[in-house]
Amino acid sequence: MPSESAPTPAWTVLGRADSEADAPVVRDHRVTVVDLGPDGEEIGRTTLAEAALPDLVRDREGGAGPGASPPRWVVSDTPKWYPVLLASGVRIDRAHDLRLAHAILARSSLVTDRSALTAADEWDAGPVTAPAVGQAETLFDVAGGRGHVKEVPHGIAAALAEFARQQAAVGTASDPGRLRLLLAAESAGGLVAAEMHAAGVPWDVAEHERILADLLGPRPAAGAKPAKMLAAAEEVRTALDDPNVSLDSPTRLLPALRNAGINVSSTSKWELAESTHPAIEPLLRYKKMARLLSANGWHWLAEWVAEGRYRPVYVPGGVVTGRWAASGGGALQIPRQLRPALRADDGWTLISADVAQLEPRALAAMSGDRAMAEAGSGRDLYSGLVDEGIVATRQEAKIAVLGAMYGSTTGEAGRLVPRLRQSFPAAMRLVDTAAEEGRRGGVVTTWLGRTSPEPGEGWRRVQSRADQIDATPHDENRARRAAGDWGRFTRNFVVQGTAAEWALAWLADLRLRLAQLPEIEGSPATASGPAFSRRAHLVFFLHDEVIVHAPEAHAEAAADAIREAAASAGRLLFSGAPVDFPLDLTIGERAAAK
DNA sequence: AGATATTCCATG
DNA sequence: GGAACATGGAATATCT
């Protein structure tokens, strides 16, 4: 440990003590803590029992004197290290997650020499599957989750070597500042993900059950279907004059529909909705109920909500574009019908905020398209297109803008997108160029430096077959289609990926601002865990929206933090660009329907 | 029987 | 013959 005269470390690397990295499972593991100076030189090292780690981290985070800032903690994989700290009530300000950083740097086109990173492919691994809350009392005894997912190395020597490789790679980058920003934001995302899992979404089981009873009928016996579903099913069978058909099996339902004269090629709802047959209305009603029951019914409640908290596992960087993935209870698909079940603890309130039209704004900012920025300035971007006479209605504006970002070429979008090309040439040039690069099999890169994957072997085979002398029209069509698909992917990648970077910067800034808010007096929100029960904290994040659980007395301060963080994210990524990122923010009541 | 694919629908 | 991006998850269908 550094003495008082030692320089303040810029980074502090955590790793399992190497003497036991390959040792069989023993109790009382040891952790080595290495302090690095601003140039990466080692300035201190200590080894301690795993159980002593939370106290050391707490000291370094909070005990640093005035003027001294806590280090940026360098860890192999945040879900390996952070849950035990959180369980001890210790949160950290800043981190560098080696696994997440490796995934970015080993692919980023901004890095001039990636060879050392690509050679270190032991760092090309998935995240540790977090142990259940309450079972995270040790770092190394828990033999991982289910399955045999490869983990990154956790030893101190491996961590130091990888960190050095990463620093060197960033140093060679054409724009190191952007990459550093991305790595800091990505790592902060790792911290937020662990924190939100530990805190949990406050969930009102009684309200959820009330919604279920309202929409489906009383809770049925195990295995039985709710009364309202049974009734709707009977209506369908009567209308089809087919007393036994199963509504749950598309392969059996489809011929039954056709026998009744309903000419459809699938049982999906948008196709069914075109028919006026009397069986359609109850069938759509049935399907909606079936979906609610299987995805978020009583079974979901029992499995995913405990002690008033829903705790999904968030997976930062889980999507190639940089968006988060999630697993456990379908956190990315919580239906809006159930939003009323998100309910603050007594004396607390929920604040939800989402960014209006994040992706087109990110596109306007990164492309420097002043006209597009102007269309969204201080107002709904879609209405801006109408005001400026580019399209006639808000609905048309939405179709045109989404079509431009997704690469639509047919139908209404095909008709409207060209108008955007005329009005917003810079923005359209950016996405058109990205699409062209993808069609050629190249890669594209987001604003901060996340690079798209290269197309797979199968894609290349299809392309080269179409170039053979004996290629058939079928081969050529297939190649053209695959090229178009990949072009739409890269077109969207730069926009979705840059929007994800803005959202990460927002989150990263927000969590630090929230940590500055005061703690409450009186009884804490105990279900949220020791690190969050006394202060406003993030409980939910989904691409462009956040929900904060805050003591009522601090609700306005937390709302300000959310707004300030959004403004700060815009400046941090696009300083100087005349693009704003307005929020729809609601305190207390349910989030406004989108 | 168990693994894998398909269909459908929920989210941004 | 295709068609507008990124997901997760349940239920059913199909393959081995």
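Letters go in sequence order (proteins before strands), and every chain restarts at 1.
- Ring-centre distance between A:W324 and A:H543: not below the 6.0 Å cut-off.
- When only modelled atom types and interatomic distance are considered, A:E545 and A:S352 share no side-chain donor-acceptor pair under 3.5 Å.
- Ranking B:dA10, C:dA3, C:dC5 by closeness to the A:Q333 side chain, first place goes to B:dA10.
- A salt bridge is absent between A:D204 and A:R210: the closest approach of a Lys/Arg side-chain nitrogen to an acidic carboxylate oxygen does not fall below 4.0 angstrom.
- Counting any heavy atom pair closer than 4.0 Å across all strands shown, A:A413 reaches no nucleic acid atom.
- The shortest distance between the side-chain N/O atoms of A:K288 and the OP1/OP2 oxygens of B:dC8 is not below 4.0 Å.
- Across all strands shown, A:I334 has heavy atoms under 4.0 Å from sugar-phosphate atoms exclusively, and none from any base.
- Using a 4.0 Å heavy-atom cutoff across all strands shown, A:G318 reaches no nucleic acid atom at all.
- The distance between atom CG of A:N477 and atom P of C:dG1, rounded to the nearest whole Å, is 9 Å.
- With a cut-off of 3.5 Å on both Watson-Crick or G-U wobble distances, the partner of C:dG1 is given as none.
- If you take atom P in B:dT6 and the same atom in C:dG2, they sit 15 Å apart, rounded to whole Å.
- The base of C:dC5 lies outside donor-acceptor range of the side chain of A:R488, with no N or O pair under 3.5 Å.
- Across every strand in view, C:dA11 sits in a pair with B:dT6 that passes the Watson-Crick or G-U test at under 3.5 angstrom.
- Within 4.0 Å of A:F493, counting heavy atoms only, lies no atom of the nucleic acid at all.
- When the C1' atom of B:dG12 is taken as reference, atom CD of A:Q357 falls 13 Å away, rounded to whole Å.
- Residue A:N296 contributes atom CG, which lies 15 Å from atom C1' of C:dA11 at whole-angstrom precision.
- Counting non-hydrogen atoms under 4.0 angstrom, A:R481 reaches the backbone sugars and phosphates but no base.
- Residue-level contact check: A:G329 touches the backbone only, with heavy atoms under 4.0 Å from sugar-phosphate atoms and none from bases.
- Residue A:T267 has a polar side-chain atom (N or O) positioned under 4.0 Å from OP1 or OP2 of B:dC8.
- The line from CZ of A:F493 to CH2 of A:W486 is 9.5 Å long, rounded to the nearest 0.5 Å.
- The 12-atom threshold is exceeded at CD of A:E303, counting heavy atoms of other residues, nucleotides or ligands nearer than 6.0 Å.
- Atom CZ of A:R439 is separated from atom P of C:dC5 by 13 Å (rounded to the nearest Å).
- For A:K287 and B:dC8, the shortest distance from a side-chain N or O to OP1 or OP2 is not below 4.0 Å.
- A:E271 has its CD atom 15 Å from the C1' atom of B:dC9, to the nearest Å.
- Side-chain N/O atoms of A:T410 include none lying less than 4.0 angstrom from OP1 or OP2 on C:dG2.
- Nucleic acid contact for A:G403: none, since no nucleic acid atom lies under 4.0 Å from a heavy atom of the residue.
- The separation between A:E476 atom CD and C:dG2 atom P is 15 Å, rounded to whole Å.
- In this structure, of B:dG12, C:dA13, C:dA4, it is C:dA4 that holds the atom nearest to the side chain of A:L402.
- One finds no side-chain N or O of A:T321 lying less than 4.0 angstrom from the OP1 or OP2 phosphate oxygen of C:dA6.
- Around the CZ atom of A:R465, the shell of radius 6.0 Å holds no more than 12 heavy atoms that belong to other residues, nucleotides or ligands.
- In this structure, the CG atom of A:L257 is 15 Å from the C1' atom of B:dT7, given to the nearest Å.
- Among the protein residues, A:A325 comes within range of the sugar-phosphate backbone only, with heavy atoms under 4.0 Å from sugar or phosphate atoms but none that close to a base.
- A:Y406 places its OH atom 10 Å from the P atom of C:dA6, with the value rounded to the nearest Å.
- When the P atom is used for both B:dT7 and C:dA3, the distance is 16 Å, rounded to whole Å.
- A donor atom on one side chain and an acceptor atom on the other are not found under 3.5 Å apart for A:T490 and A:S452.
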